[in-house]
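Read through the structure below, which is laid out as structure tokens, and then see the notes.
Just so you know, these numbers come straight off a predicted model, no measurement behind them. When reading the values below, keep in mind they use all heavy atoms of this one structure, side chains included, and skip hydrogens, waters and symmetry mates.
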Amino acid sequence: QQQVKQSPQSLIVQKGGISIINCAYENTAFDYFPWYQQFPGKGPALLIAIRPDVSEKKEGRFTISFNKSAKQFSLHIMDSQPGDSATYFCAASMSGNQFYFGTGTSLTVIP
Amino acid sequence: DVKVTQSSRYLVKRTGEKVFLECVQDMDHENMFWYRQDPGLGLRLIYFSYDVKMKEKGDIPEGYSVSREKKERFSLILESASTNQTSMYLCATNYRARGYTFGSGTRLTVV
């Protein structure tokens, strides 16, 4: 059973556009929601994370929006660049130990 | 920054062989994890460990075992490799309630 559901599976965005990736979860005990970015041939790297006591967190061009009542969270990439082309994973955990991952979104930003 | 080193980037093994995947972290973290990554399935947890000589099964432990004799080293063992274990294997570590740091991965092909 997939603990965290992620969509879309793939996404193509024009340079300068906004990329949006969505995730949903069921377990209300989750208290930490990170996003990971993975380039080909590399392991995933922590990009940005949020805890459920805030509705939004922004770091540069990357923003997490969190909707606790809907049990959904999303990653927004503003002014998307070709260098943002990668696979993105959302995740959730309880107390920061074991993480449950979404199935990933392959983002392609075309010039 | 934490460094997580996986001993091999690419491995090709024959069906039935015993395979060892090694992972070493340099930050004295208690928590270490082994995931496998497959297209469309995301990252699935195989085994994890919260301390030396301690191990817990993840979501897909069948056909695998682990060893943690020292805090910094966590080994994944494929007792008798099969073709359905062809995958990307990722080792990760974290500290308390923080996100994972992943290694670069080992791409294993079983022929």
Side-chain angles (χ1 to χ4, degrees), chain A residues 1-11 21-25 27 29-53 57 59 62 64 73 75 86-107, chain B residues 1-10 21 23-25 27 29-51 54-61 74 76 87-108:
Chain A
Q1 182 185 356
Q2 194 75 27
Q3 295 262 9
V4 179
K5 295 182 180 178
Q6 183 173 346
S7 63
Q9 188 173 354
S10 62
L11 182 61
I21 304 170
N22 300 299
C23 285
Y25 64 97
N27 191 339
F30 288 145
D31 59 6
Y32 183 68
F33 301 87
W35 284 89
Y36 288 84
Q37 179 188 56
Q38 184 180 29
F39 293 106
K42 301 285 189 181
L46 181 63
L47 185 62
I48 187 173
I50 197 168
R51 297 193 186 275
D53 52 346
K57 183 172 181 181
E59 290 184 3
F62 300 91
I64 300 179
F73 59 111
L75 176 69
T87 299
Y88 293 81
F89 292 95
C90 61
S93 79
M94 288 174 278
S95 304
N97 289 325
Q98 181 180 343
F99 284 75
Y100 297 89
F101 287 85
T103 51
T105 296
S106 176
L107 171 66
Chain B
D1 283 348
V2 178
K3 189 171 181 182
V4 179
T5 303
Q6 293 184 231
S7 54
S8 304
R9 292 296 304 274
Y10 300 94
L21 303 183
C23 175
V24 177
Q25 51 102 353
M27 283 298 291
H29 288 180
E30 285 86 6
N31 302 342
M32 296 189 76
F33 306 83
W34 275 106
Y35 284 84
R36 64 177 282 179
Q37 181 178 5
D38 300 288
L41 297 177
L43 281 71
R44 294 179 292 167
L45 182 63
I46 306 170
Y47 265 97
F48 60 100
S49 169
Y50 292 153
D51 204 349
M54 176 269 178
K55 59 184 179 183
E56 292 286 346
K57 293 180 180 179
D59 298 321
I60 52 164
F74 192 35
L76 179 69
S87 186
M88 168 72 88
Y89 290 88
L90 290 162
C91 174
T93 181
N94 81 330
Y95 179 68
R96 294 188 180 175
R98 298 178 190 152
Y100 285 167
T101 297
F102 283 93
S104 294
T106 296
R107 185 164 293 281
L108 173 67

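- Looking at Glu56(B), neither its backbone nor its side chain comes within 4.5 Å of chain A, counting heavy atoms on both sides.
- Not a single donor-acceptor pair under 3.5 Å links the side chain of Thr93(B) to the backbone N or O of Thr101(B).
- Of the two parts of Asp59(B), only the side chain, counted from C-beta on, holds a non-hydrogen atom closer than 4.5 Å to a non-hydrogen atom of chain A.
- For the set Gln37(B), Arg107(B), Arg44(B), Met88(B), the count of heavy-atom pairs under 4.5 angstrom toward chain A peaks at Gln37(B).
- Using a 4.5 Å cut-off between heavy atoms, Arg9(B) touches chain A through its side chain atoms alone.
- Side-chain contact check for Asn22(A) and Ser7(A): no donor-acceptor pair (N or O, by modelled atom type) lies under 3.5 Å.
- Only the side chain of Gln38(A) comes within less than 4.5 Å of a heavy atom of chain B; its backbone N, CA, C and O stay farther away.
- For chain B, the option among Gly104(A), Gly102(A), Gly41(A) with the highest count of heavy-atom pairs below 4.5 Å is Gly41(A).
- Note on ring orientation: taking the six-membered ring where Trp is involved, the planes of Phe74(B) and Trp34(B) are tilted (angle from 30° to 60°).
- Within the 6.0 Å centre-distance limit, the rings of Tyr35(B) and Tyr100(B) are counted as a close aromatic pair.
- Ring geometry for Tyr50(B) versus Phe48(B): interplanar angle of 30 to 60°, hence tilted.
- In summary, the aromatic rings of Phe33(B) and Phe99(A) are positioned with their centroids too far apart to meet the 6.0 Å limit.
- Contacts with chain A were tallied for Gly42(B), Gly40(B), Gly58(B); Gly42(B) has the most, counting heavy-atom pairs under 4.5 Å.
- Residue Pro44(A) touches chain B through both its backbone and its side chain, counting heavy-atom pairs closer than 4.5 Å.
- Within the 4.5 angstrom heavy-atom criterion, only backbone atoms of Leu41(B) (N, CA, C, O) approach chain A.
- Ring geometry for Tyr36(A) versus Phe101(A): interplanar angle of 30 to 60°, hence tilted.
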